Peer 1: 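There's a structure below that I have some questions on.
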Amino acid sequence: MTLLKHEIKMNLKSILIWAISVGVLCAGCILLFESLEESMKEMTDAYSDMGAFSAALGMDKLSISTMEGFYGTEIALMFALGGAMFAAMTGAAMLSKEEEGHTCEFLATLPLGRGRIFFWKYAAVVLLVLLFNLMTVLLILAGFAGAGEMLDGKTFVLYHGAQLIMQLEVGSICFLISALSKKKQIGACLGFAMVLYIGDLMCRVIPDLEGLKYVTPYYFSNGADIFASGEVQWGMAAAALVVMVLSVVAAAVVYQKKDLAS
């Protein structure tokens with residue numbers, strides 16, 4: 001528990017910057033919607049007829065002239081990218097920073113053992129992702145309160161639940177990368193999060209690449225799909241949870257056998 005508290009304290013500044021940045025950006029766009037509503041109505045038909053571009057962003061399913069459509073296409077995209085990058089960055093640094101900073105010897109002197117160190121490190125990743133979501137959602141709800149409008153509660157919860165699963169999957173894979181590396185691979189992991197998003201775009205606009213939807217977690221957690229249908233593709237969400245568990249197990253095996261740099 002002491003190690004968990006230490007990790008939360010060490011990452012407090014980072015999580016505040018990311019959560020406030022993403023949350024305020026999303027809430028600000030919600031507050032701006034009323035002033036943009038008339039111009040959005042004029043652009044709706046044009047956007048819905050833009051072929052591949054419309055399909056990629058979900059504008060063929062939702063009208064951006066409504067709050068639900070605006071949130072599901074525009075704001076959901078900002079939240080998804082911000083959340084995935086935060087999860088990737090957090091997972092990428094959690095284990096490898098000890099070797100890069102030459103603090104493994106200090107950890108080894110603690111009466112914990114590698115198993116407990118690993119457990120509390122991963123618990124810190126999960127808790128930080130949960131705190132990020134809690135803070136950003138509270139800011140988004142404040143934006144809705146300020147705008148005097150709210151989305152359907154069930155669909156809102158489904159979307160953010162799917163986003164949480166997506167972020168935990170990305171964070172867990174990057175946690176495995178952290179276990180494999182002796183240095184923080186933050187740049188590579190941020191790039192990994194972006195590649196997954198590009199995979200989602202490509203599988204929506206290129207029929208031959210449709211199979212990518214089974215690879216990228218952005219597909220089942222896509223805001224436009226969830227707000228249009230009112231449901232999550234739970235089969236893909238379950239597969240994401242399996243990938244998350246396998247990543248953590250693989251990371252544990254690697255970390256237990258690894259020759260840690262002092």
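All of these numbers come straight from a predicted model, not from anything done at the bench. We number each residue from 1, following the sequence as shown.
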Peer 1: Can you tell which of Leu190, Thr90, Ile186, Val170 makes a side-chain contact (heavy atoms from CB on, under 4.5 Å) with Met85?
Peer 2: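 Of Leu190, Thr90, Ile186, Val170, side-chain contact (heavy atoms from CB on, under 4.5 Å) with Met85 is met by Leu190 alone.
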Peer 1: Can you name the closest pair of heavy atoms from Ala193 and Ala84 and give their distance?
Peer 2: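 Here Ala193 and Ala84 meet closest at CB-O, 4.1 Å.
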Peer 1: Please name all residues satisfying salt bridge (charged side-chain N to carboxylate O under 4.0 Å, His left out) with Glu210, sequence neighbours left out, ordered by chain then number.
Peer 2: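 Checked Glu210 against salt bridge (charged side-chain N to carboxylate O under 4.0 Å, His left out); matches are Lys213.
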Peer 1: For Ser178 and Ala93, work out which heavy atoms get closest and say how close.
Peer 2: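 Scanning both residues, the minimum pair turns out to be OG-C, 4.0 Å.
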Peer 1: Mark yes or no for whether Ser181, through its side chain, and Lys184, through its backbone, hold a donor-acceptor pair below 3.5 Å.
Peer 2: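 No, because the side chain of Ser181 does not come within donor-acceptor range (under 3.5 Å) of the backbone of Lys184.
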Peer 1: Check Lys121 against Met94 and note the closest heavy-atom contact, atom names and distance.
Peer 2: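 Closest pair (atom of Lys121, atom of Met94, distance): NZ-O, 3.1 Å.
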Peer 1: Is atom CE of Met10 surrounded by more than 12 heavy atoms (other residues, nucleotides or ligands) closer than 6.0 Å?
Peer 2: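 For Met10, atom CE is not crowded (no more than 12 foreign heavy atoms under 6.0 Å).
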Peer 1: Just to verify, what does Phe144 make a ring pair (Phe, Tyr, Trp, His ring centres under 6.0 Å) with, not counting sequence neighbours?
Peer 2: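 Ring pair (Phe, Tyr, Trp, His ring centres under 6.0 Å) list for Phe144, sorted by chain: Tyr71.
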Peer 1: From Leu241 CG over to Met236 CE, what is the distance, rounded to the nearest 0.5 angstrom?
Peer 2: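 So the gap between those two atoms works out to 14.0 Å.
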Peer 1: Using a side-chain heavy atom cutoff under 4.5 Å and only I, L, V, M, F, W and Y, what cluster partners does Leu134 have?
Peer 2: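 Hydrophobic cluster check, Leu134: joined to Leu138.
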Peer 1: If you look at every heavy atom in Leu139 and Ala19, which pair is closest and at what distance?
Peer 2: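 The pair with the smallest heavy-atom distance is CD1-O, 3.8 Å.
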Peer 1: Once you round to the nearest 0.5 Å, how far does CG of Asn222 lie from OG1 of Thr73?
Peer 2: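 Asn222 CG to Thr73 OG1: 10.0 Å, rounded to 0.5 Å.
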Peer 1: Of all the heavy-atom pairs spanning Trp18 and Gly82, show the shortest one and how long it is.
Peer 2: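 Distance-wise, the nearest heavy atoms are CZ3-O, 3.5 Å.
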Peer 1: Any donor-acceptor pair under 3.5 Å linking the side chain of Ser96 with the backbone of Ala92?
Peer 2: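 Yes.
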Peer 1: For Thr155, does its backbone N or O pair with a side-chain atom of Asp152 as donor and acceptor, under 3.5 Å?
Peer 2: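 Confirmed, Asp152 side chain pairs with Thr155 backbone.
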Peer 1: Taking the side chain from Tyr218 and the backbone from Met166, do they hold a donor-acceptor pair closer than 3.5 Å?
Peer 2: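 No, the answer is negative, given that no donor and acceptor are paired below the 3.5 Å cut-off.
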Peer 1: Any side-chain donor paired with an acceptor under 3.5 Å for Asn133 and Gln167?
Peer 2: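 Yes, because at least one side-chain N or O of Asn133 sits under 3.5 Å from a partner of the opposite role on Gln167.
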Peer 1: Of all the heavy-atom pairs spanning Leu158 and Gly230, show the shortest one and how long it is.
Peer 2: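 Closest approach of Leu158 to Gly230: CD1-O, 3.3 Å.
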Peer 1: For Ala162, is there any backbone N or O sitting under 3.5 Å from a side-chain donor or acceptor partner on Ser221?
Peer 2: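 Checked: no pair found.
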Peer 1: About how many Å separate CG of Asp200 and OG1 of Thr216, when rounded to the nearest 0.5 Å?
Peer 2: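 Here the rounded value is 5.0 Å.
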Peer 1: Roughly how far, to the nearest 0.5 Å, is the CG atom of Leu176 from the OH atom of Tyr122?
Peer 2: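 Taking OH in Tyr122 and CG in Leu176, the distance rounds to 11.0 Å.
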Peer 1: To the nearest 0.5 Å, what is the distance between NZ (Lys5) and CD (Glu7)?
Peer 2: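 With rounding to 0.5 Å, NZ (Lys5) is 14.0 Å from CD (Glu7).
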Peer 1: Tell me if a side-chain donor or acceptor on Ser229 pairs with a main-chain N or O of Asp225 at a distance below 3.5 Å.
Peer 2: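 Judged by distance alone, yes, a pair lies under 3.5 Å.
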Peer 1: Taking the six-membered ring for Trp and the single ring otherwise, decide whether the centroids of Phe175 and Phe118 are under 6.0 Å apart.
Peer 2: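 Under 6.0 Å, so yes.
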Peer 1: Once you round to the nearest 0.5 Å, how far does CE of Met244 lie from CD1 of Ile165?
Peer 2: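 Result: 8.0 Å between the selected atoms.
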